[in-house]
A.B. asks: 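Mind looking over this structure? Questions follow.
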Amino acid sequence: MKRTWWKEAVVYQVYWRSFFDSNGDGYGDLEGLIQKLDYIRDLGIDVIWLNPCYESPDKDNGYDISDYYRIMDKAGDMETFDRLLHEVHKRGMKLIMDLVVNHTSDQHPWFIESRSSKNNPKRDWYIWRDKPNNWRSYFTPSAWEYDEQTGQYYFHSFAVEQPDLNWENEEVREEIYKMMRFWLDKGIDGFRLDAIALLAKPKGFPDAENPYDIRYLTNNPGVHDYLQEMHEKVLKHYDIFTVGEVAFVSPEEGLKYVGEDRNELHTLFHFEVCDEMPTWDPIRFKQIQKRWYEGLWGKGWNSQFLNNHDHTRQVTRYGNDKQFRVESAKLLATLVHTLPGTPYIYQGEEIGMTGVKFDSIDDYNDIAMKNKYAEEVAKGRDPKEVLESLQLLSRDNSRTPMQWDDSEHAGFTTGTPWLKVNPNYKEINVKQALADPNSVYYYYKKLIQLRKQNPVMVYGTFRDLSENEPYIYAYTRELDGVRWLIVLNHCDSDNVYTLPEETSSASRRLLLGNYTDVKEEGTTLHMRPHEARIYALQ
Ligand code: NOJ
């Protein structure tokens with residue numbers, strides 16, 4: 001298999017508005033990120049993925065862009081961005097930017113022109129129809145919005161304020177490629193391509209049988225033509241890394257995006273776990289891992305992540321954030337860093353930050369949650385019940401400010417934070433983590449070091465030894481005669497695991513574990529709650 005830097009890399013996602021506020025306006029900013037770069041570097045990170053910081057009315061926290069060539073005031077300015085890039089590179093790290101080109105803001109001059117009249121030259125830059133079909137969007141009951149000025153509907157896959165660009169229009173594509181070159185020529189190291197599977201729309205927009213199953217928004221014929229053109233005209237001319245956000249794909253379809261012979265993208269995020277598995281489901285999780293491994297291995301590259309700015313923090317959603325928070329955070333980290341694919345860390349995950357429950361809908365900001373709340377309440381449902389039903393998966397779970405210390409607002413800002421800080425910041429914060437040698441933070445650091453020293457962790461073949469076990473997940477990674485065994489007890493109680501024949505005769509050396517006193521007991525492992533172990537076998 002071809003070895004590349006981005007297969008070996010560990011990526012750290014910075015949701016800058018919640019990372020560190022340098023000027024007291026309550027929003028994190030690029031200057032704040034610069035001030036914390038040593039923290040990120042010390043963890044061992046190779047690549048930073050920066051969420052969108054372009055000019056934006058901020059209806060969807062930067063995913064509604066009104067000027068691709070400017071930095072939004074809350075984040076800083078272009079001079080600060082250039083300095084950020086320089087400082088990242090100075091520390092031996094790389095920076096990838098979010099690329100949001102399925103849609104713009106409705107305040108983008110292109111859309112303002114497009115909506116101004118039916119024969120405006122930019123009319124065709126967006127998607128206009130006389131009649132809507134029955135599709136829902138990600139954030140609203142209809143994917144179409146009526147525009148009085150011209151008496152037509154425009155199409156939006158997300159919020160009303162995020163009209164979709166018409167990728168069939170060549171001028172649109174050329175403008176986007178030009179903009180991509182602008183950023184790449186500055187020296188950024190790649191893109192995370194937002195909603196990239198949505199670029200192509202089906203001819204004629206036929207009604208869906210079940211409008212609630214929004215798969216129809218994604219993977220429509222033509223999407224690969226656009227990506228191959230983008231590769232040909234832009235991507236292939238730079239030594240960069242690309243990761244596409246590709247919802248609702250099977251490994252077979254996924255391979256079309258990332259196959260090494262396809263000339264499209266390097267890697268993808270599929271969402272079979274984060275979008276489609278609401279709570280921990282061990283057998284299903286194992287099947288997903290196995291299918292994707294078998295589908296991609298040797299042909300294309302996967303990503304590993306269990307949370308990001310759209311998905312509730314992993315220790316809350318897939319672990320135990322109460323009784324076993326530290327053990328559980330470490331177990332999930334072991335999983336993400338030892339399964340095949342490039343691992344992602346979402347800011348705060350490395351100190352075991354948890355999700356949050358606010359008492360009032362007014363304390364939430366997430367447009368997806370707020371729209372859904374309004375839709376359900378309008379149907380006459382009890383508001384309290386609706387709030388409770390939306391809390392676990394609200395995107396604000398992961399968007400609360402980074403917890404730096406136990407001072408007011410967790411040391412995130414001297415002003416009023418744009419989103420409330422999680423009340424547990426006095427116990428869970430970076431200062432505490434750095435002072436405790438057994439913290440989640442130092443465990444991440446060790447995992448990352450292991451990856452740097454052991455190619456087996458990146459390039460080793462994968463074999464699940466525990467397909468039908470409900471609590472224990474045991475698998476091997478193997479490369480050039482080096483064999484590792486990973487055993488995880490994803491459970492609130494003790495479990496015994498008897499090693500299968502093929503590993504029981506080998507001698508084991510414990511490389512890393514999340515409990516300090518591991519006693520080796522022959523071929524039966526007595527695993528404690530959320531215990532994780534990585535062994536080298538000989
Ligand atoms: C996916 C992004 O991760 C999410 O935050 C955003 O709301 C949508 N795409 C729309 O851009």
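Counting starts at 1 for both ligands and their atoms, in listed order. Heads up: numbering here begins at 1 and tracks the sequence.
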A.B. asks: Whether the Glu232 and Asn263 side chains hold a donor-acceptor pair (N or O, under 3.5 Å, no angle test) is what I'd like checked.
C.D. replies: no
A.B. asks: Any idea which protein heavy atom is nearest atom 8 (C) of ligand 1, and the distance to it?
C.D. replies: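 Checked against all protein heavy atoms, atom 8 (C) of ligand 1 sits closest to Phe158 CE2, 3.7 Å.
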A.B. asks: Quick one: which ligand 1 atoms are inside 4.0 Å of a heavy atom on His103?
C.D. replies: 10 (C), 11 (O)
A.B. asks: Is there a donor-acceptor contact under 3.5 Å linking the side chains of Gln314 and Asn307?
C.D. replies: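 Side-chain D/A pair, Gln314 to Asn307: present.
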A.B. asks: For Tyr63 and Asn51: C-alpha separation, side-chain torsions, deciding distance, then whether side-chain hydrogen bond (donor to acceptor under 3.5 Å, both in side chains) applies.
C.D. replies: CA-CA 9 Å; Tyr63 284 93; Asn51 281 102; 2.7 Å; yes
A.B. asks: Centre-to-centre under 6.0 Å for Phe358 and Tyr364, is that the case here?
C.D. replies: yes
A.B. asks: For ligand 1, note which part of Arg192 has a heavy atom under 4.0 Å away: side chain, backbone, both or neither.
C.D. replies: side chain
A.B. asks: Is the closest heavy atom of Phe139 to ligand 1 under 4.0 Å?
C.D. replies: yes
A.B. asks: Would you please say whether a donor-acceptor pair under 3.5 Å links the side chains of Glu145 and Gln152?
C.D. replies: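 Their side chains do not contain a donor-acceptor pair, so the 3.5 Å distance test is not met.
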A.B. asks: Out of all atoms in ligand 1, which are within 4.0 Å of some heavy atom of Arg399? Include the element for each.
C.D. replies: 5 (O)
A.B. asks: Check each atom of ligand 1 against the heavy atoms of Arg395 and keep those under 4.0 Å away; list them by number with element.
C.D. replies: 4 (C), 5 (O), 6 (C), 7 (O)
A.B. asks: Could you check Phe271, Tyr346, Trp49 and say which one makes a ring pair (Phe, Tyr, Trp, His ring centres under 6.0 Å) with Phe305?
C.D. replies: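 It is Phe271, the one option of Phe271, Tyr346, Trp49 that forms the ring pair (Phe, Tyr, Trp, His ring centres under 6.0 Å) with Phe305.
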A.B. asks: For atom 6 (C) of ligand 1, find the nearest protein heavy atom and state the residue, atom name and distance (0.1 Å precision).
C.D. replies: Asp60 OD2, 3.3 Å
A.B. asks: How far is atom 9 (N) of ligand 1 from its nearest protein heavy atom, and which residue and atom is that?
C.D. replies: Asp194 OD1, 2.8 Å
A.B. asks: Can the ring centres of Trp404 and Tyr39 be said to be less than 6.0 Å apart?
C.D. replies: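 Here the rings of Tyr39 and Trp404 have centres that are less than 6.0 Å from each other.
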A.B. asks: Among protein heavy atoms, which sits nearest to atom 3 (O) of ligand 1, and what does the distance come to when rounded to 0.1 Å?
C.D. replies: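 Going by distance alone, atom 3 (O) of ligand 1 is nearest to Asp310 OD2, 2.5 Å.
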